[in-house]
Structures are given as C-alpha cells and as structure tokens.
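Indexing begins at 1, ligand by ligand and atom by atom, following the structure's order. As a basis for the values below, the full set of heavy atoms in this structure was taken, side chains included, without hydrogen atoms, waters or symmetry mates.
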Amino acid sequence: MGYLLKFEQLLKEQLERVEKLKNEPPATDFSAVDTIKIGFIDGDGIGPVIMKETRRVLDELLKEEVESGKIEMRTIEGLTLENRIEKRVGLPEEVLAAVKECDVFMKGPTTTPNKTQVPFNLESANVALRRELDLFANVRPVCVPEKGIDWTFFRENTEGEYIIGSKGLEIGDDLCVDFKVTTTQGTERIARKAFEFARANGKNRIECVTKANIVKKTDGRFLEIVHKVGEEYPDIKIEDWYIDIMTANLVNEDLRKDFQVFVLPNLYGDIITDEAAQIQGGMGTAGSANIGNRYAMFEAVHGTAPRMVEEGIADRANPESLLKAAELMLRHIGYVEKADKLRKAVDGAAADPALNMSGTREGSSTVEFADAVLKLL
Ligand code: IPM
Ligand code: MG
C-alpha cells in the first residue's frame, strides 16, 4: 500500500475511535457488583517473583471476601515473551479474552523488545492492553512525606505518541515518520479524572504539563481542553508548564512542595513519572493504576529487570511497587480500609532497618519483604 493510502487509513481509524469515545459506557459501580473478579498476570523477568508475593499478601488480606464469594481471584497465563514471540503478537487473543472476564487485574512487568532484539515488530503488551481495554487514565502517586512531596500524576494513557506508535511510516530509505494523536474526547476524560480526584481529595491546584509552544496542534489542544474542563472546577487553579522546565522543577526543592496533581499527555507522563519514582526512592517503590470505565489494570512502574535475572538474583527483587499497585487496586474496587491497612504495612516494611531491598546479592529477599508486610497487616 502506498504511504498516502496508509496515512489515510490511520486517520480513518482514529476518526472512528473518536465516534466510539462519544458513546463511552459509564464507569463500573463496584458496590453493585456481586462478585468482583481479580485477574493475576505474572509477566516476564522478575514479574513472577514479585507477583507471587503480592498474591500471597492479597490472599491473606482478602481471605474473608474470597470465602464469602464477594471476590474471586483468577490466574491468567500466557502473557510471556516466549508465547508472544511464538504467536508474533504483543497481546495473545486468549490472554485478552481471559482479562475481559475479570473486572480488574494485576500485571507483572512484560518485556517490550526493540528492533535489535526481535527481527519483527512486536508490540508492547502494555500498550496493547491499555488500548484494547481503553485504560485511559494512568494514575501514579508519589509520596515522600519528609520532603513535603505528595504528588498524583494523571497521565493520558492511550493517545499521544503511543496510539499508532507501532504503525509509523518508513518512506524510501531515508525518511521515517511517527504520529502523535490528541483528541478532544480523550483529553476531556483524563482532565475530568484529574479534576475529580483533586476535588475529592481537597487539592486546590493542578499542574498541566505540555510542550504546546512547539507541538502546537496536539499539545495545544490538550492545554486548551484542560482549561475548558477546568472551568467546571473554579476552586481548582491550573498552572501551565512546559515539560522541559517541569523535569527540572521536580528536583527544585523550593517549587516542588507546592505540586499536588499533574495532568499530562502520554509520553511526557511516561518520562516524568520515572523521575518522580526515583525521587521517591527508586523504580521499585512506585505503583501504577491504568483505569478505564469498564476495566482497570494495576502494575509496577518498572520493567522486568533482566539484569537481575541474568545474575541469578531475581529472588531479591523488591515487591514494594507491585504491593503499592495492589493498594491502588483495593482503593479502586472500594476497599479503602483494606487499602489503608496494606499501605501502612508496606510503608512499615520499607522502613524496617532489618530489611535491605537493594536488589543485590547482599540484599534481603522478596519473600522476606512480603513476610514483613504480612506480619504488620
Ligand atoms: C510505563 C512503561 C511502558 C510505557 C512501556 C513498558 C510500554 O514505560 O508503564 O511507564 O512506556 O508506558
Ligand atoms: Mg515508563
């Protein structure tokens, strides 16, 4: 197919998506669900190790609910790099079908190979899951009380550079083009999530982060829509920033204490939530929620840690990130007290001087960390 036709096709698909966005289903009301189904996907690398311990903690925390049938837990197999390479798809059909039978699911990190690792284009499982389940809000809290930091990032999770990120065009030998997409509807819904969160949590300020001075159409629209939605929330002030200076501001101790809630397009959100996680104490400490109206996925911010696996120290991986994701999951399904309890226990284990989650041979093990959490529950 000629590249102009391909481009036309991509635009058509996006316009069809916009039509769907106009008729979105309402968000699930979990208080009205008889049995909440929670799926568990191990992932690759250190994924199975940290998931096993997270599951052990959740089994204990939700024992009564599972016994009474209020909650059902399901293991979902098949989202491994081997299976994905064999089937040549980022997200095998049977995995997607199993996920769709659940209301929410926890997911370990999955490998996203690049061109030098796999000879064909294997899409990121994460990107595919977020797109197929329309998980539009990537919510990432970062909290460092002793530094006055209590941030919640609302990263748009389906559009931007990601939505047709694996369908860019190579034109002749010398020209490559990728695409960035912003829609009015897609921006409205992430903005509304951020403002609603701010209102419900007594926050009075939102940082809107773009590069609208340069990326004029897509980021320009994002900025415009955030302000338009913001008119419905006159009690919440919007501060506009460009991504470059915001990257610097996250390490500016004078300014950063004032930040509360961030709303930003996909790729910028990807980048500065890693920075924020590092400020909190490292990638192993941050959980992440991917929320849509029908489904939601909870995961660690970090990847599969292939180096730890190669060195034979996967059993030293820190499960804190995934346990924090479990906390976010509990909050999402309405189990707020259990979420608070889990958070307290995880913070307690993280502060325990007897544990050292350095991820090295000398460090404490994943099991030891989970044991400490269970003791504090
Ligand atoms: C994240 C990750 C993913 C992303 C990868 C694994 C596709 O970095 O969740 O932040 O880029 O969104
Ligand atoms: Mg990332």
Side-chain angles (χ1 to χ4, degrees), residues 41-47 50-51 79-81 84-85 89-91 95-96 99 105-118 121-142 151-168 178-182 186 190 209 243 246-247 250 262-292 295-307 309 317 320-322 324-326 328-329:
I41 297 180
D42 277 354
D44 304 309
I46 59 167
I50 56 175
M51 187 59 85
L79 196 66
T80 59
L81 184 60
R84 293 164 57 221
I85 289 179
V89 288
L91 175 61
V95 175
L96 181 62
V99 160
F105 64 105
M106 306 272 321
K107 184 185 118 336
T110 44
T111 306
T112 307
N114 63 31
K115 240 184 166 178
T116 64
Q117 294 164 315
V118 178
N121 182 9
L122 192 68
E123 196 190 14
S124 148
N126 257 31
V127 172
L129 280 164
R130 290 169 183 169
R131 187 191 56 238
E132 292 301 319
L133 302 171
D134 205 16
L135 308 175
F136 65 89
N138 189 190
V139 187
R140 296 185 159 174
V142 162
W151 299 332
T152 307
F153 292 86
F154 284 80
R155 162 189 177 193
E156 200 296 314
N157 210 22
T158 46
E159 303 194 338
E161 290 82 351
Y162 284 66
I163 183 95
I164 41 182
S166 55
K167 293 189 187 163
D178 280 313
F179 303 104
K180 172 161 176 164
V181 175
T182 295
I190 187 69
V209 187
I243 180 64
M246 181 50 92
T247 310
L250 287 195
F262 298 75
V263 65
L264 66 180
N266 207 340
L267 185 59
Y268 308 143
D270 179 38
I271 296 167
I272 68 168
T273 54
D274 271 20
E275 185 190 6
Q278 192 57 40
I279 291 168
Q280 179 176 253
M283 300 301 292
T285 67
S288 167
N290 299 265
I291 303 199
Y295 302 102
M297 164 172 92
F298 300 84
E299 58 178 353
V301 172
H302 60 73
T304 55
R307 242 169 312 188
V309 178
E320 187 179 340
S321 51
L322 206 56
K324 284 202 179 135
L328 294 171
M329 188 269 291

remark   = Of all N, O or S atoms in D270, the one closest to the Mg ion (ligand 2) is OD1

note = Here the pair of heavy atoms bringing L267 nearest to E161 is CB-OE1, 3.3 Å

inquiry  = If only side-chain N and O atoms count, and only distance matters, is there a donor-acceptor pair under 3.5 Å linking T116 with N114?
reply    = yes

inquiry  = If we ignore hydrogens and angles and just use 3.5 Å, is the side chain of N138 paired with the main-chain N or O of A289 as donor and acceptor?
reply    = yes

query = Does an N or O anywhere in S124 fall below 3.5 Å from an N or O of ligand 1?
reply = no

query = So which protein heavy atom does atom 10 (O) of ligand 1 come closest to, and at what separation?
reply = D270 OD1, 2.8 Å

inquiry  = With heavy-atom distances below 4.0 Å as the criterion, list the atoms of ligand 1 near N126.
reply    = 9 (O)

key: Q280 side chain vs T285 backbone, donor-acceptor pair below 3.5 Å   = yes

key: Rounded distance [0.5 Å steps], CD in E156 versus CG in D270   = 12.5 Å

key: Nitrogen or oxygen of Y162 less than 3.5 angstrom from that of ligand 1   = yes

ask   = Side chain, backbone, both or neither: which part of R130 has a heavy atom under 4.0 Å from ligand 1?
value = side chain

note = Value for CD (E275) from OG1 (T247), rounded to nearest 0.5 Å, stands at 5.5 Å

remark   = From the list K107, M297, R140, side chain to side chain contact (heavy atoms under 4.5 Å, CB included) with S288 holds only for R140

message = Please work out, at 4.0 Å between heavy atoms, whether the side chain, the backbone, both, or neither of R140 comes within that distance of ligand 1.
response = side chain

D274 near the Mg ion (ligand 2) via N/O/S, less than 2.8 Å = no

query = Does any N/O atom on R155 come nearer than 3.5 Å to any N/O atom on ligand 1?
reply = yes

